[in-house]
Each structure stands twice: as C-alpha cells, then as structure tokens.
Amino acid sequence: MKNKILSCLILSWICTFSLVAQDANPVIESDFPNSWVGDWIGELMIYNAKGLQQSLPMQLMIKPIEATKDFTFTIVYGVDVEAGTRSYILETLDAEKGQYSINEQNSIKIDAYLLGDKLVQRFEVMGNLLDTFLEKRGDNLVWEIFMGKMEAHKTGDTVHQGDTIPPVQTFPMHNYQRCVLSKI
C-alpha cells in the first residue's frame with residue numbers, strides 16, 4: 001500500500017512539474033507549413049553503431065499547391081536528380097490539431113503530426129520501425145530519422161516488492177540519419 005501511495009505522489013509531482021515547465025517555456029508560434037516553403041539543400045549523413053557510413057546531397061522543396069491547403073513535398077537524394085527524386089504531397093488534414101499526412105502518391109499515406117515546431121512521423125515498413133523528425137531551427141530545417149527492427153525485447157511484467165510492474169517493450173536502433181538543410 002505504501003508503494004502505491006508513493007507511486008501516486010511521484011506521478012502527481014511529475015504532472016505538476018510538467019505543467020509548471022510548460023508555463024515557464026511559452027509555446028512556439030509557428031506558421032507551419034508556410035514558413036517552411038522554399039528550396040532547401042544539405043548533406044544527408046547516415047550513421048550506424050560504427051559511425052558515419054555514408055553521406056550524400058539532399059534537397060527538399062516545399063511549395064504551396066494552388067487553391068488547396070496542401071503543399072508539394074519533393075525530396076531529392078544524391079546527384080542523380082531523376083533517379084533520386086521523390087515527389088510527395090504534404091496534406092493538411094486538421095491544422096488546428098497539427099494533423100498532416102505525407103502522400104507518396106502510390107497508395108501510401110504516412111500520418112504526420114506537428115508537435116511544437118517539429119513535424120513527426122512514426123511508421124513501420126518491412127519489419128523496420130522508423131521515427132522521423134523535421135524541425136525548423138533558425139534559418140535551417142533539420143531532418144532526422146531513427147530506424148531499427150520491430151523485434152521487441154520485453155521487460156517488466158512482474159510483481160516487484162509488492163508493486164505490479166507493467167510490461168515494457170524496447171526496440172533496437174540500428175540506423176540514424178541527419179541532414180541540416182539551408183534555404184537556397
């Protein structure tokens with residue numbers, strides 16, 4: 001019983017601290033995606049546990065689509081523009097709720113959420129879990145992707161010193177990609 005009361009007090013403290021911290025840091029007002037419109041260029045760096053494995057040029061072009069709430073979202077990887085171009089559409093689903101979608105125009109639509117000043121996505125493809133983050137930092141866009149297998153390692157799911165511990169699954173990380181994009 002003591003452990004449950006202590007757990008409730010700790011949870012209450014964490015929630016209170018989170019609310020106080022939010023008040024101390026004002027919400028960043030964003031004019032997303034309008035303030036991200038333009039042609040961006042940078043060097044995509046690809047890492048694994050051994051360090052940097054590859055780098056290649058990357059471009060991102062974001063343009064409004066006339067008479068819609070949507071934007072082109074074109075990515076170019078490498079120097080071969082024709083082979084490296086991925087023409088997507090950034091669809092506005094509910095801007096007030098920060099809900100968007102990246103439409104790959106091939107039946108794949110990946111949910112995207114504007115959280116703070118970050119556009120985030122989480123999806124699985126071919127047994128790999130990917131978390132992507134695209135954030136405006138000053139005059140740059142910073143693109144990050146974390147990837148690993150969907151092979152969960154389960155911990156917890158037991159009773160420890162009288163407390164019921166929930167199951168927790170962890171997932172390995174094998175790849176990290178980062179690109180700082182500057183407007184051209």
Side-chain angles (χ1 to χ4, degrees), residues 22 25-49 51-150 171-184:
Q22 286 176 356
N25 297 312
V27 175
I28 299 169
E29 290 300 322
S30 172
D31 183 24
F32 176 83
N34 295 311
S35 65
W36 296 25
V37 166
D39 294 340
W40 304 83
I41 191 166
E43 190 74 13
L44 178 64
M45 312 299 275
I46 302 171
Y47 300 88
N48 67 17
L52 180 65
Q53 297 300 301
Q54 183 181 5
S55 69
L56 62 143
M58 178 179 167
Q59 296 178 51
L60 174 62
M61 287 135 329
I62 303 172
K63 308 275 189 226
I65 299 173
E66 193 173 319
T68 73
K69 302 178 294 180
D70 301 335
F71 293 75
T72 63
F73 195 86
T74 305
I75 303 170
V76 179
Y77 297 106
V79 292
D80 184 343
V81 174
E82 187 174 327
T85 298
R86 309 292 183 267
S87 296
Y88 305 141
I89 296 174
L90 173 64
E91 297 178 337
T92 303
L93 303 179
D94 188 334
E96 269 189 38
K97 293 181 180 177
Q99 296 175 343
Y100 299 85
S101 177
I102 301 294
N103 182 342
E104 295 191 7
Q105 303 188 81
N106 63 359
S107 80
I108 296 173
K109 290 186 178 187
I110 300 175
D111 292 340
Y113 303 90
L114 186 66
L115 303 175
D117 210 22
K118 253 182 211 192
L119 187 67
V120 300
Q121 298 173 282
R122 174 175 284 161
F123 58 97
E124 179 271 333
V125 62
M126 298 173 61
N128 294 294
L129 180 63
L130 288 90
D131 291 297
T132 73
F133 305 90
L134 181 58
E135 176 180 16
K136 184 138 188 236
R137 290 190 195 159
D139 294 333
N140 296 318
L141 292 180
V142 179
W143 182 294
E144 294 179 298
I145 300 174
F146 294 85
M147 183 182 78
K149 292 288 183 190
M150 286 283 298
F171 299 89
M173 289 282 185
H174 299 294
N175 182 280
Y176 168 66
Q177 300 177 25
R178 184 172 196 269
C179 185
V180 177
L181 297 150
S182 301
K183 206 169 198 178
I184 53 176

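Positions are given from 1 along the sequence.
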Report summary line: All heavy atoms of L56 vs all of G78, minimum pair found to be CD1-N, 3.4 Å

Report summary line: Correct closest heavy-atom pair for S55 and M45 would be CB-SD, 3.5 Å

Report task. Could you please spell out the steps behind the side chain to side chain contact (heavy atoms under 4.5 Å, CB included) verdict for N48 and H174? Result -> CA-CA 6 Å; N48 67 17; H174 299 294; over 6 Å; no

Query raised in the report: Taking atom CG of N34 as the centre, does the number of heavy atoms from other residues, nucleotides or ligands within less than 6.0 Å exceed 12?
Result: yes

Report task. Please tell me if the side chains of V125 and L130 come closer than 4.5 Å, counting only heavy atoms from C-beta onward. Result -> yes

Query - Shortest non-hydrogen separation from I184 to W40 and the atoms involved - result: CG1-N, 4.4 Å

**Report entry** Side-chain heavy atoms of Y100 within contact of L119, under 4.5 Å
**Finding:** yes

Query raised in the report: Charged N to carboxylate O below 4.0 Å: is that the case for K109 and E91?
Result: yes

Query raised in the report: Taking it one step at a time, do T72 and I65 satisfy side chain to side chain contact (heavy atoms under 4.5 Å, CB included)?
Result: CA-CA 6 Å; T72 63; I65 299 173; 3.9 Å; yes

Query raised in the report: Heavy-atom distance under 4.5 Å between the side chains of T132 and V120, does that happen here?
Result: no

Query raised in the report: Quick one: CD on Q177 to CH2 on W143, what's the gap to the nearest 0.5 Å?
Result: 9.5 Å

Query - Close side-chain approach of I75 and Y88, heavy atoms under 4.5 Å - result: yes

Query raised in the report: Does E66 have any side chain to side chain contact (heavy atoms under 4.5 Å, CB included) partners at least two apart in sequence or in another chain, and if so, which?
Result: none

Query raised in the report: Do Y176 and I46 touch side chain to side chain, with heavy atoms closer than 4.5 Å?
Result: no

Query raised in the report: Under 3.5 Å, is there a donor-acceptor pair between the side chain of K183 and the main chain of V37?
Result: yes

Query raised in the report: Who pairs with E144 by salt bridge (charged side-chain N to carboxylate O under 4.0 Å, His left out), at least two apart in sequence or on another chain?
Result: R178

**Report entry** Non-neighbouring partners of Q59 that pass side-chain hydrogen bond (donor to acceptor under 3.5 Å, both in side chains), sequence neighbours left out
**Finding:** none

Query raised in the report: What's the shortest heavy-atom distance between M58 and L181, and which atoms?
Result: O-CD2, 3.8 Å

Query raised in the report: If you round to the nearest 0.5 Å, how far is CZ of F73 from CE of M61?
Result: 10.5 Å

Query - Step-by-step side chain to side chain contact (heavy atoms under 4.5 Å, CB included) determination, I89 to F71 - result: CA-CA 6 Å; I89 296 174; F71 293 75; over 6 Å; no

**Report entry** D31 CG to D117 CG distance, which is reported to the nearest 0.5 Å
**Finding:** 10.0 Å

Query raised in the report: Any donor-acceptor pair under 3.5 Å linking the side chain of K136 with the backbone of S35?
Result: yes

Query raised in the report: Between atom CG of L134 and atom CZ of F32, what is the distance when rounded to the nearest 0.5 Å?
Result: 7.5 Å

**Report entry** Pair I145-D131, side chain to side chain contact (heavy atoms under 4.5 Å, CB included): steps then yes or no
**Finding:** CA-CA 6 Å; I145 300 174; D131 291 297; over 6 Å; no

Query - Separation of L141 CG from I62 CD1 (nearest 0.5 Å) - result: 6.0 Å

Query raised in the report: Any side-chain heavy atom of P57 sitting closer than 4.5 Å to one from I41?
Result: no

**Report entry** Approximate separation, where rounding is to 0.5 Å, of Y113 OH and L93 CG
**Finding:** 8.5 Å

Query raised in the report: How about N103 and I108: do any of their side-chain heavy atoms sit closer than 4.5 Å?
Result: no

Query raised in the report: So, do Q121 and D111 sit near enough that their side-chain heavy atoms are less than 4.5 Å apart?
Result: no

Report task. List the atom of C179, the atom of G42, and the distance in Å for their closest heavy-atom pair. Result -> SG-C, 3.7 Å

Query raised in the report: For T92, does its backbone N or O pair with a side-chain atom of D70 as donor and acceptor, under 3.5 Å?
Result: yes

Report summary line: Taking every heavy atom of M126 against every heavy atom of E124, the minimum-distance pair comes out as N-OE2, 3.4 Å

